[in-house]
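Remarks on the structure that follows.
Residues: numbered from 1 along the sequence shown.
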Amino acid sequence: MNAYVPILVLGALAAGFAVFSVVAAALIGPRRYNRAKLAAYECGIEPTPQPAGGGRFPVKYYLTAMLFIIFDIEIVFLYPWAVHFDALGMFGLVQMLVFVGLIGVAYAYDWRRGGLEWD
């Protein structure tokens, strides 16, 4: 258990600094609100009112999220494979080809469903 004490102390210090920063900014930060600061800034389009229970998202939102997850998972597995490529040999190459093939199937599905079109 003594080996984990420094990690726990570092985690506590990080959490304490994060909480202190947020609280200090809320207490001593400037509060100068104006119309420009309260305006929509993401895309310049004013948001439309949503129903009380929330609105429905289009399917393209989920397809784009799925595409992000596909590539994110692929990169997470490709980096360690690339680092140890020599040690894995032919077995590692075949396994990565199978993995990339499966990722390709998910990519083709998303492409076929229109996840890459920005209408």
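There is no path of hydrophobic side-chain contacts, each under 4.5 Å, that joins Leu13 to Tyr4. Grouping the Ile, Leu, Val, Met, Phe, Trp and Tyr side chains by contacts below 4.5 angstrom, directly or via other members, places Leu27 with Val19. Clustering ILVMFWY residues whenever any of their side-chain heavy atoms sit less than 4.5 angstrom apart, transitively, puts Leu97 in the very cluster that holds Trp81. Grouping the Ile, Leu, Val, Met, Phe, Trp and Tyr side chains by contacts below 4.5 angstrom, directly or via other members, places Leu8 apart from Leu10. In terms of hydrophobic clustering, with Ile, Leu, Val, Met, Phe, Trp and Tyr side chains grouped at heavy-atom distances under 4.5 Å, Val100 and Val105 are assigned to different clusters.
Nearest heavy atom pair, residue Phe85 against residue Leu93, reads CE1-CD1, 4.1 Å.
If you take CZ on Phe68 and CG on Asp72, they are separated by 4.5 Å, rounding to the nearest 0.5 Å. With rounding to the nearest 0.5 Å, the separation of CZ in Phe71 from CE in Met66 is 11.0 Å. Of the inter-residue distances, the one linking Met96 atom CE with Phe91 atom CZ reads 10.5 Å to the nearest 0.5 angstrom.
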Test log, rule side-chain contact (heavy atoms from CB on, under 4.5 Å), inputs Ile103 and Phe99 | CA-CA 6 Å; Ile103 295 292; Phe99 175 70; 3.9 Å; yes
Decide side-chain contact (heavy atoms from CB on, under 4.5 Å) for Arg113 and Tyr109; before the verdict, give the C-alpha distance in whole Å, the side-chain angles of both, and the deciding distance to 0.1 Å.
-> CA-CA 6 Å; Arg113 296 285 297 183; Tyr109 172 78; 3.7 Å; yes
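Residue Arg31 places its CZ atom among more than 12 non-hydrogen atoms of other residues, nucleotides or ligands, all under 6.0 Å distant.
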